[in-house]
Amino acid sequence: MSVSLLPSSHSEFQLKDYWEKFFQKRKAPFEWYGEYLDLCHILHKYIKASNTILVVGCGNSKLSEDLYDVGFTSIDNIDISEVVIKQMTSKNRTKRPEMTYTVMDIFEMTYNDSTFDCVIDKGTLDAVCVNSGQETIDKVKNMFSEISRVLKSNGRYICISLSQEHVLNQLVAAHSQGWIIRVHVVKCVGEKVGVASALPVFIFVMTKMASPAIQIFEYVNEDEKCIRCEDDAGIIEFVRNCQQYALVLHHLGSMHMEEQVCLDLWSGSNNIEPRFTLRVVDLPKKKALNGQFAIFLVPQGRETNWLFSSSAGSTQLAESAGYERLVIVTLHRGHTYQSLDKVKEEISTKAMELSQDSLPDRIKCPVLSLAEGVGSRTVLLESSSSSSGGFVVEESQDEEERGLVRRLVFLESPHLAQTEILMINKSDGASKRKGKKGRQHKNGGKLFDFSELMFPYHKLMLSSLALIGGEEGGKRGRNPTGAALDILIVGLGGGALPMFIKKHIPMVCQDVVDLDGSMIQVAIDWFGLEADQIVTGGEGEKILVHRDRGKLNVIQGDGVEHIMSLSDRKQANTLYHVIILDVDNKDAGSGLSSPPLSFTTPQFLQAAKSLLHPNGVFVTNLVARNKDIEDSVLSNVCSCFSCTLKIPVPGYHHVLLCTLEQREYIKGKKDTKSMAAATKRKGCVPLDFSKALQSKLDSFAASIGKECLREDFIDLYKDGSLYY
């Protein structure tokens, strides 16, 4: 529409003079909210050929003409503009003799009560309700009152609107009692409809009931299923969700996205868990080698892989695929997926909505996947606890073809596995797999394979044993005196890290603290945890009296309280060579995913420090969604410990390894290039992965019979930073 036809302010839409000038300048039909083909499949459901129909604020729209031509001949049209009524009367007098056009004010209609079976309003309410001021509200109420007056009982008021917030609130509030409200969102046949193609069009169908006590609220979803809401809030939420989605599509279509966009798609049969998650990843055009747009389907059971569950991994996947835009589709738990072809058919239309506007019409876009099928996921246990919330234990085939993987997943973060462990079928037998150590368990006749750690951050935590001070530190679990090493781990999960240490470093004595008694039992029943003692937090000091080599002691209790309590009554035999924090944060609003904020205070850190052997190492995950929070935690840690290594881990952000004193083999790079690349924080330099440090790590890996860890340690440590 020409800029000269637009009003200087929205309030001019209410004025007769504006519309007179508008229709004098623009005599061709103007369809504000869609063509007849966009609307007819909905309108025809609610009006009959025998109905008497009133179209309010008709303007020069062809809607009435199109309805007349398919059999709806009893139509009265009214508008405040004499110019447009004269134009439309002249145009239709001969072609459509039974249809009338009348100059009339919607606020003072001259029709008798209960005259019409249906009142159609295409954009008139939006023109009247231009703001939320009291004068406008009074006009809207008057308009609704007049429409209700001329409608017969069981008659329908059909309102076609963009449903901006102030309009939506007035429309729903006025018809929440004595009316059935049903809302559709318009799917356009041709071009996108709406202002700047960003606002969807809605059709509200309000049925006038004889009893004012009736309250029925419904919306029609994309599957053409009618969903009933408990109250009017459900209608408002549906409209707002549609508007937000349309705005996202508008931005996706017209611009390159610097940040990734994630959308959940729901099934009408399951309102608990989304059916699909779609992640949109854009690459710079210079990196897009294979085309503009593609879809990638993640097989079931692989959604917890870093490549699919993190932003960095998704970017790497997109770069490997080589498309300007890649839509990564994840399949959720709680749903059945018949085949890869069926999933492609189900998802293709919605995924194509996320494509660029520049993509040619009717182009066939490639659908990529790692597997020939949709993958499989077997849920062994689904439960919940007061501390951890909902969780599942499930099995699927490992993407690296190492075998069957059992996972523990907290449903608050359904795309992240808390624990992973390889399983061995009983028929294979541990003896047939050289170097594998397993324990048969009662469930399914399988063996637990504790031969490797599945998570990179667990490997980093394990490497802390190599950093223990002293010439023999970290070798076969012995400290310089030859006595057993003592480790305190806060956070058990499924117990993968403690069990690896128990199986491969028998000289280590471990105390593992976890708040959740249900999770301790899950670790025993489903992940093969072999606890030598299990005590409650109040009895935790009992296991400190005799430090037996190779023991794994589990303490049910609060990790912060346990460490603070030990610090208050510190004894010589309570010193640990390594303290590891592997705890997630249930407070989603804190900006810190791990550890909880209570584990990062100066008081707690000082208490943990007091429990460390002079040659010991303090280790924690650091997973922050807020940069300021991350900097604050790092500042507290660096203030407490003399030397802090910050190691980035794909998908897990960082692991911090802290010592009470400087180590001669832990140094920062001194060359000019490295210093220039260092962060601007005082006392922070890139880690120098020296031969001395590599020798320490190599020696440790060899001493526990895991030479394969050498390459893992190199890959992990090479991008580390040193704070001192």
Side-chain angles (χ1 to χ4, degrees), residues 301-305 333 377-385 387-398 402-414 416-426 428 430 433 436-459 461-462 487 489-506 508 510-534 550-556 559 580 582-584 594 621 652:
R302 301 192 182 183
E303 64 281 343
T304 59
N305 184 292
R333 299 172 184 85
R377 178 196 298 116
T378 302
V379 176
L380 304 176
L381 174 69
E382 184 167 2
S383 187
S384 65
S385 73
S387 300
S388 301
F391 64 87
V392 296
V393 177
E394 62 186 26
E395 289 181 344
S396 65
Q397 288 296 319
D398 176 58
R402 289 176 293 185
L404 193 66
V405 176
R406 182 169 292 183
R407 295 187 179 91
L408 171 64
V409 178
F410 292 150
L411 295 181
E412 288 184 354
S413 303
L416 295 176
Q418 203 283 336
T419 299
E420 284 188 354
I421 188 169
L422 287 171
M423 307 296 293
I424 309 171
N425 289 324
K426 184 179 179 181
D428 294 338
R433 295 166 63 104
K436 302 290 185 181
K437 296 183 179 181
R439 181 170 80 89
Q440 186 172 346
H441 199 264
K442 62 183 181 181
N443 62 90
K446 300 185 180 75
L447 299 172
F448 297 98
D449 185 351
F450 298 114
S451 63
E452 63 179 292
L453 292 170
M454 303 290 282
F455 295 152
Y457 82 91
H458 272 166
K459 296 175 183 179
M461 290 178 165
L462 178 71
I487 297 179
I489 300 176
V490 181
L492 173 66
L497 178 60
M499 281 303 298
F500 180 91
I501 294 173
K502 182 178 178 68
K503 293 295 183 181
H504 299 284
I505 318 178
V508 170
Q510 302 178 79
D511 295 337
V512 184
V513 184
D514 200 286
L515 180 64
D516 193 342
S518 300
M519 206 51 57
I520 294 172
Q521 196 60 48
V522 166
I524 294 171
D525 292 343
W526 296 97
F527 291 90
L529 177 70
E530 300 174 12
D532 296 289
Q533 295 185 78
I534 301 177
K551 293 294 184 182
L552 198 168
N553 307 303
V554 177
I555 306 162
Q556 182 187 345
I580 296 174
D582 188 10
V583 194
D584 66 331
S594 179
N621 274 326
Y652 298 97

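Counting from 1, the numbers follow the sequence of the chain as shown.
Contact check for Thr304 versus Glu420: side-chain heavy atoms found under the 4.5 Å cut-off. Side-chain contact check for Asp582 versus Val490: every heavy-atom pair is 4.5 Å or farther apart. Arg333 is listed as a side-chain neighbour of Val409, based on a closest heavy-atom distance under 4.5 Å. The shortest side-chain heavy-atom distance between Leu462 and Ile505 falls under the 4.5 Å cut-off. Inter-residue side-chain proximity for Phe527 and Val393 is flagged as met; some heavy-atom pair is nearer than 4.5 Å. For the pair Thr419/Met454, no side-chain contact is recorded, criterion being any heavy-atom separation below 4.5 Å from C-beta on. Taking the side chain as every heavy atom from C-beta outward, Ile534 and Ile524 approach each other to under 4.5 Å. Side-chain atoms of Leu529 and Leu492, non-hydrogen and from C-beta on, do get closer than 4.5 Å to each other.
Leu453 and Lys459 get closest at one heavy-atom pair: O-CE, 3.1 Å. When all heavy atoms of Ser384 and Gly390 are compared, the closest pair comes out as CB-CA, 3.8 Å. The nearest pair of heavy atoms linking Ala523 to Gly494 is CB-O, 3.6 Å. Contact detail for Gly493 and Leu408: the closest heavy-atom pair is C-CD2, 4.1 Å. Closest non-hydrogen pair, Ser388 versus Met519, comes out as OG-CE, 3.7 Å.
Glu395 pairs with exactly one of Arg377, Arg407, Arg406 by the side chain to side chain donor-acceptor pair (under 3.5 Å) rule, that one being Arg406.
Residues that satisfy the salt bridge (Lys or Arg N to Asp or Glu O under 4.0 Å) test with Asp584, not counting sequence neighbours, are Lys586. Partners of Glu382 by side-chain hydrogen bond (donor to acceptor under 3.5 Å, both in side chains), not counting sequence neighbours: none found. Listed by chain and number, the residues in a side-chain hydrogen bond (donor to acceptor under 3.5 Å, both in side chains) with Asp514 amount to none (sequence neighbours excluded). By the side-chain hydrogen bond (donor to acceptor under 3.5 Å, both in side chains) test, Gln418 is found to be paired with no residue, residues two or more places apart in sequence or in another chain being considered. The side-chain hydrogen bond (donor to acceptor under 3.5 Å, both in side chains) check on Thr378 picks up nothing, with sequence neighbours excluded. Evaluation of the ring pair (Phe, Tyr, Trp, His ring centres under 6.0 Å) rule for Phe500 yields His504 as partners, not counting sequence neighbours.
A distance of 9.0 Å separates CD1 in Ile520 from CG in Leu515, rounded to the nearest 0.5 Å. Put simply, CD on Glu452 and CD1 on Ile421 are 10.0 Å apart, with the number rounded to the nearest 0.5 Å. Going from atom CD of Gln556 over to atom OG of Ser387 covers 8.0 Å, rounded to the nearest 0.5 Å. Annotation: the span from Ser451 atom OG to Asp449 atom CG amounts to 3.5 Å, rounded to 0.5 Å. In this structure, CD1 on Ile580 lies 10.0 Å from CG on Asn621, to the nearest 0.5 angstrom.
Between the side chain of Glu303 and the main chain of Gly301, a donor-acceptor pair closer than 3.5 Å is present. The main-chain N or O of Leu552 is found under 3.5 Å from a side-chain atom of Asp532 such that the two form a donor-acceptor pair.
Aromatic ring orientation, Phe450 versus Phe448: parallel (interplanar angle below 30°, classes split at 30° and 60°).
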Requested in this report: Take Leu404 and Lys446 through the test side-chain contact (heavy atoms from CB on, under 4.5 Å) and record every step on the way to the result.
Outcome: CA-CA 10 Å; Leu404 193 66; Lys446 300 185 180 75; 3.5 Å; yes

Requested in this report: List the steps and the verdict of side-chain contact (heavy atoms from CB on, under 4.5 Å) for Gln533 and Lys551.
Outcome: CA-CA 8 Å; Gln533 295 185 78; Lys551 293 294 184 182; 6.0 Å; no

